[in-house]
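Here's the structure we're looking at; comments come further down.
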Amino acid sequence: MSALRPSEIVKELDKYIIGQRNAKRSVAIALRNRWRRRQVPEDLRDEIAPKNIILIGPTGVGKTEISRRLSKLTDSPFIKVEASKFTEVGYVGRDVESMVRDIVELTVGMLKAREQEAVKDKAWRNAEERMLDLLLPKSKPSQQQDQDDQQPDMTRAAVDEHVSTREKLRKLLREGKLANRFVDLDVTDKSMPVVEIFSNVGMEELGVNFRDMFGSLFPRSTKRRRVPVPEAMEILAQEEAQALIDMDRVVSRAIEKVEQSGIIFLDEIDKIAGKDSGHGPDVSREGVQRDLLPIVEGSTVATKYGPVKTDHILFIASGAFHTSKPSDLIPELQGRFPIRVELDSLGKEEFVKILTEPKSSLVRQYTALLKTEGIDVVFKEDAIERIADIAEEVNSAMENIGARRLHTIMERLLEDILFDAPDIADTQIVIDAQYVDAKLKDVKDDEDLSRYIL
């Protein structure tokens, strides 16, 4: 669990996200409260519930990015789900519990990959020994030799020769000089027929459970394949790594990690907020809210890895709330999201900073991409200002999609360079305001065209 101070969390988020100070402060406090909860006496610890957050603001202002960076910063299990994808039990669609199963699945996979990386060297050494056994099988002594005690020197000489040959093969293997050789390898046959199951909501895992059940009832079949030595080494190393890790421990840690530090980001929660009309889609919307309620409040969800408690998972919801407002959510759900933060719309000043300041800014990204072609792209300050101007103008004239507008404009601006890059003789290209106007003026001025292109 991260022990970062709220000011340190905000400072780290500032490296990737421009502005939105209030939202950063709220998530930093929520994160620090998790650490604080772990420090209080155990009898009080379970009584302290997480303070879930609703981020309110138009698309492209950083709602999702704040949550994603927060999870990376703290090494917390994170999943983003769209609330509009869920439907009330009884309707066709996904059930809300699937998001808990998904975050557990992701966390098990993440921890399993880390464990395999930790035993990588040992797994490779074991795979190397198995490969040498395939390349140089141990010759069984003949019955005559077993019975004849008068030939110990010959037996010893044969053993010495075998060891010597094996070490020579080891050296060749490590030097990559056996890449063209093939070996016969027994691999697990994964061509098990997949049975599609068409079922009601809440049954997504049924197919997975059937495969797990049948896999335990019947032994896994193997088939012999003739593969090149490098590929065989990868297969053997993977098998060895799998054998070296304790999956029960991985699953146990994953469940604990999800329960204690998981973050579920509920996007588009405004799409399920609607006044109760008693009929039509609002019935399903309210049904989804009522299905979400026990999970957000704290319940136990059955997964294929075992029961998972959601009591201390942090839920961060977000929505534009153009046609609805948080008060349109059912009162019980509103009460489970006590912290509400309104994010600011982005203007020219923010766009300039987004283009240049973050560690992974768009200017740095495109500069690095074209550097691979031997082209040094230089963005003049007036070009950055002009791109930000155009982004603000287009967002004002049409739908405001925030910083996402910059991606579209940059792609349009550099389209010719990106296409012709392998054939361009110039090693340096300077992008200034005049270049930006020349490339984007026609599209920007034509509202109908910019609606589809920008």
Side-chain angles (χ1 to χ4, degrees), residues 102 104-146 154-197 205-254 304-305:
D102 289 345
V104 172
E105 189 74 47
L106 285 170
T107 309
V108 168
M110 178 183 71
L111 294 183
K112 180 181 174 182
R114 289 182 185 174
E115 290 286 326
Q116 288 179 330
E117 186 65 27
V119 299
K120 184 178 178 181
D121 291 341
K122 186 175 181 181
W124 194 263
R125 289 195 299 270
N126 293 351
E128 187 179 80
E129 296 302 326
R130 287 178 62 185
M131 174 57 69
L132 293 172
D133 289 340
L134 290 171
L135 292 168
L136 186 66
K138 294 178 181 178
S139 57
K140 295 181 180 179
S142 65
Q143 189 175 5
Q144 178 65 27
Q145 282 180 321
D146 286 343
M154 286 181 59
T155 305
R156 191 175 298 111
V159 169
D160 290 343
E161 184 181 353
H162 182 89
V163 170
S164 174
T165 306
R166 187 180 177 91
E167 291 308 311
K168 288 176 183 176
L169 281 172
R170 189 191 304 276
K171 185 181 178 185
L172 293 172
L173 179 63
R174 290 179 176 177
E175 291 174 352
K177 293 180 179 177
L178 301 178
N180 295 324
R181 288 190 61 172
F182 286 75
V183 292
D184 292 326
L185 199 62
D186 290 327
V187 295
T188 303
D189 187 1
K190 296 181 180 178
S191 58
M192 179 181 175
V194 177
V195 180
E196 291 292 339
I197 297 174
E205 285 202 315
L206 192 56
V208 176
N209 290 337
F210 265 115
R211 285 196 292 273
D212 292 343
M213 181 175 67
F214 286 126
S216 60
L217 285 176
F218 303 106
R220 291 192 175 185
S221 60
T222 58
K223 63 179 179 181
R224 176 148 290 204
R225 284 179 55 200
R226 190 166 180 78
V227 294
V229 166
E231 184 183 343
M233 279 295 293
E234 292 292 340
I235 294 170
L236 292 173
Q238 194 171 1
E239 289 179 0
E240 290 297 324
Q242 184 74 27
L244 286 168
I245 63 175
D246 182 353
M247 275 307 294
D248 290 337
R249 180 169 165 268
V250 168
V251 169
S252 175
R253 284 180 56 210
K304 69 178 184 180
Y305 297 106

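Numbering of residues begins at 1 and proceeds along the displayed sequence.
At a threshold of 4.0 Å, the pair R130-E239 counts as salt-bridged, since one of the basic side-chain nitrogens sits closer than that to a carboxylate oxygen. Ion pair E240/K120 not flagged as a salt bridge, since none of the NZ, NE, NH1 or NH2 atoms sits closer than 4.0 Å to an Asp/Glu carboxylate oxygen.
A 6.0 Å sphere centred on CG of N180 holds no more than 12 heavy atoms belonging to other residues, nucleotides or ligands. Annotation for E175: atom CD counts as buried by contact number, over 12 foreign heavy atoms lying within 6.0 Å.
Summarising the geometry, atom CE belonging to M233 is positioned 10.5 Å from atom CG belonging to L134; distances are rounded to the nearest 0.5 Å. Taken to the nearest 0.5 Å, the CZ atom of R174 stands 12.0 Å off from the CG atom of L169. A distance of 4.5 Å separates CZ in R166 from CG in L132, rounded to the nearest 0.5 Å. Rounding to the nearest 0.5 angstrom, the gap separating the CZ atom in R181 from the CE atom in M131 is 10.0 Å. One finds the CZ atom of R253 at 5.0 Å from the CG atom of L111 (value rounded to the nearest 0.5 Å). Distance check, rounded to the nearest 0.5 Å: CD1 of I245 to CZ of R114 gives 13.5 Å.
Considering every non-hydrogen atom in both A123 and A241, the closest pair reads CB-N, 3.6 Å. Of all heavy-atom pairs spanning F182 and P228, the tightest one is CD2-N, 3.6 Å. Heavy-atom minimum distance, A237 versus A127: N-CB, 3.5 Å. The heavy-atom pair separating A179 from P230 by the smallest distance is O-CD, 3.6 Å.
Residues E128 and L173 have side chains in contact (heavy-atom distance under 4.5 Å, counting atoms from C-beta outward).
For E167, the side-chain hydrogen bond (donor to acceptor under 3.5 Å, both in side chains) test picks out R170, with sequence neighbours left out.
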